[in-house]
Amino acid sequence: MALPGFRDFYPDDCAFRNAIFAKWRDVAQRYGFVEYDGPPLEPLDLFTKKSGEEIVTQLYYFKDKGDRDVALRPEMTPTLARLVTARHKDYKKPLKWFSIPQVFRYERQQKGRLREHYQLNCDIIGEAGLEADIELIALVIDVLRTFGLTEKDFVVRLSDRVFWSDFMERHGVPEEQRYAFIQAIDKSEREPREKTAEKLGPLADEVFSILDQGGASERLDTVETGLRHRGLHDYVKRDFTVVRGLAYYTGVVFEVFDRTGEFRAIAGGGRYDTLLKNLGGVDLPALGFGMGDVVLGEILKKQSKDHSEIRTADFYVAIADELYRPQAMALVQKLRDHDDWTDYPIKPMKLGKQLEAATERQASYICIVGPESLEGKVQLRMASYKGIKVVPIDRIFDYLPIENWTSPEADASTS
RNA sequence: GCGACCGUAGCUCAAUGGUAGAGCUCCAGAUUGUGGUUCUGGCUGUUGCGGGUUCGAGCCCCGUCGGUCGCCCCA
């Protein structure tokens, strides 16, 4: 039994997961992002520095044998910040980097939320212009499109942190109340209006008007125009309730949701221009998003969009009689050297069982090694009964693919 | 950390408080000409765990540990 909130991956699960990873990599690379990675275990203070001491309650942390306080990474950004800070001079700007870390959090699990998951992280570092925001949002859209999801399935809700900080500035909201103000907006969707109104005070009416009817943001105008040029405009919707709980976002922010509202957020991200510097690192503008495998997987499963491909066997080498096992094993080795996936009975089995095993592995071809192997020949047949032929083992590949056989049935009697 | 519901074979599920079962899977054998059938047989349970009530608990009560879904939190 796996620990609470942790998953075992049986072959089918692993194939499903790997299919997600493959598509993540494929799209990120298509956008010119390069992959990096870091350690799953980090010094505890790498995370408390960014998020404060209270985060410790949600971390897997412990003392290692050297009495160091360490934690399983709950997110990738601090690690990314360290890597970039140390060697950013080695790379031309902007950096477009992605990673697929397994990240951990210590909390009660619930739907779409376990204690570990894999998270695609894509970040652009060293570019302050909005073209970077457009590029990043286009990427998150294309990742989901690659899984066969459309604008009918999901929506990217766009917002602008600067819009709200300008708003608070203009209305004289004191510095110490601003975080609570943002939090109230963040929760406004899930709470009754009266409760939110109470938190917002005299500004409530104006805020609700903005939430309902939208507001002016040149940034979002530019981003939306840029997405329109790419033909991706139908995937986004301006929504000022999206502010992202975190304090460090500084510009355009976004969250991706499925249209049914049945699931948690699929992805989220935004611009965090001051974060690297605040972590004690290099002063570079940056933005990024994260997308986990759990919610995405739930949605794909619900839509029966299983992209996993379990590779099936190329050859199954059956042994008609144990007498011929040496010849069979020579053939197995030859096929494997030829880069074909080849399986065979690892212990003596009746021929019927062997053919059954070949069927189960969905082998494309079956070789039956029998008496003719003493003359260097083997029965070669297609798994689907379409043909059978006795061929010289040293020229076996000349007879493939089997579809080239002119009259396979006619050859069936050849021996 | 809080609340609600749920824990029976590997899986899906039965079993008035009265001897724990079925189907599927898996394994073995038979048969099918060298395949997808069909038979036959077999395996696995301290009914999550620990207490309590009772002549007797899978069933009722308490606790605990898991699971699911919410709350809190959200990287």
Side-chain angles (χ1 to χ4, degrees), chain A residues 1-8 10 12 42 46-52 54-60 71-81 99 101-121 123 182-183 186-187 190-191 242-249 253 255 262-265 267-270 272 275 279 288-292 294-295 298 316-321 345 347-363 365-372 378-386 388 390 412-413 415:
Chain A
M1 195 70 176
L3 285 170
F6 286 76
R7 297 170 289 173
D8 291 321
Y10 286 87
D12 284 352
E42 292 274 19
L46 183 69
F47 305 117
T48 55
K49 211 159 43 173
K50 176 183 166 192
S51 310
E54 64 277 16
I55 197 180
V56 171
T57 61
Q58 308 209 6
L59 284 179
Y60 266 97
L72 290 169
R73 61 187 171 198
E75 57 162 332
M76 201 56 177
T77 308
T79 300
L80 173 66
S99 190
Q102 189 179 22
V103 294
F104 308 85
R105 59 192 146 215
Y106 194 92
E107 60 174 14
R108 192 68 185 266
Q109 64 170 315
Q110 51 190 298
K111 185 177 166 64
R113 204 123 198 252
L114 306 174
R115 285 181 168 179
E116 55 82 21
H117 69 150
Y118 293 89
Q119 189 181 61
L120 172 66
N121 277 253
D123 293 271
I182 287 288
Q183 291 283 315
D186 189 29
K187 285 188 183 159
R190 303 184 293 263
E191 282 181 346
V242 174
V243 290
R244 307 282 294 156
L246 285 306
Y248 59 77
Y249 285 108
V253 292
E255 288 183 344
E262 182 181 343
F263 301 95
R264 288 172 175 279
Y272 50 94
L275 181 65
L279 287 176
F289 74 82
M291 177 188 299
V294 177
V295 174
E298 286 174 349
Y316 190 90
V317 175
I319 302 170
D321 188 292
K347 66 175 183 182
M349 268 206 283
K350 295 207 291 191
L351 194 50
K353 292 283 183 193
Q354 296 184 48
L355 297 176
E356 202 173 301
T359 301
E360 191 188 356
R361 287 161 180 69
Q362 297 178 1
Y365 303 107
I366 297 175
C367 299
I368 299 176
V369 181
E372 60 282 322
V378 66
Q379 277 188 53
L380 176 62
R381 64 163 59 176
M382 206 145 112
S384 53
Y385 266 134
K386 291 263 172 56
I388 181 168
V390 175
S413 56
S415 63

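The chains referred to below are lettered A, B, ... by the order of the sequence lines, with proteins before strands, and numbering in each begins at 1.
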Report the distance from atom CE of Met349(A) to atom CG of Leu355(A), rounding to the nearest 0.5 Å.
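Answer rounded to 0.5 Å: 9.5 Å.
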
For the atom pair CG (Leu3(A)) and OH (Tyr60(A)), what is the distance rounded to the nearest 0.5 Å?
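Between Leu3(A) CG and Tyr60(A) OH, I get 6.0 Å after rounding to 0.5 Å.
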
How long is the line joining CD1 of Ile366(A) and P of G36(B), in whole Å?
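It works out to 11 Å between those atoms.
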
NE2 of His117(A) versus P of C74(B): gap in Å, rounded?
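My rounded result for the distance is 15 Å.
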
Distance, [atom1] atom - from [M] to [N], rounded to whole angstrom:
| N | M | atom1 | result |
| --- | --- | --- | --- |
| C61(B) | C27(B) | P | 42 Å |
| U44(B) | G51(B) | C1' | 28 Å |
| U16(B) | U54(B) | P | 24 Å |
| U25(B) | G33(B) | C1' | 29 Å |
| U8(B) | C59(B) | C1' | 11 Å |
| G48(B) | A57(B) | P | 15 Å |

Detail all sub-3.5 Å separations between protein N/O atoms and N/O atoms belonging to nucleotides 24-32 of chain B.
| from | atom 1 | to | atom 2 | distance (Å) |
| --- | --- | --- | --- | --- |
| A30(B) | OP2 | Lys350(A) | NZ | 2.7 |

At a cut-off of 3.5 Å, list every protein nitrogen or oxygen paired with a nitrogen or oxygen from nucleotides 69-72 of chain B, distance to 0.1 Å.
| from | atom 1 | to | atom 2 | distance (Å) |
| --- | --- | --- | --- | --- |
| C69(B) | OP2 | Lys111(A) | N | 3.2 |
| C72(B) | N4 | Gln110(A) | NE2 | 2.8 |

Nearest nucleotide by nearest heavy atom, which residue falls closer to the 5' end of RNA chain B, Phe104(A) or Ile368(A)?
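Final value for this comparison: Ile368(A).
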
Over all atoms of both residues, closest heavy-atom pair of Tyr316(A) and Ala357(A)
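Smallest heavy-atom distance, with atoms named: OH-CB, 3.8 Å.
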
Identify the heavy atoms of Gln354(A) and Ile319(A) that sit nearest to each other, and give their distance.
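Closest pair (atom of Gln354(A), atom of Ile319(A), distance): OE1-N, 2.6 Å.
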
Salt bridge (charged side-chain N to carboxylate O under 4.0 Å, His left out) with [X]: which residues, sequence neighbours excluded?
| X | answer |
| --- | --- |
| Arg115(A) | none |
| Glu116(A) | Arg7(A) |
| Glu298(A) | none |

For RNA chain B, report each stem as range with range, ordered by first number, or say none. Use Watson-Crick or G-U wobble pairs under 3.5 Å, at least 3 in a row.
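Consecutive-pair runs (3 or more) involving RNA chain B: B:1-7 with B:65-71, B:10-13 with B:21-24, B:26-30 with B:38-42, B:48-52 with B:60-64.
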
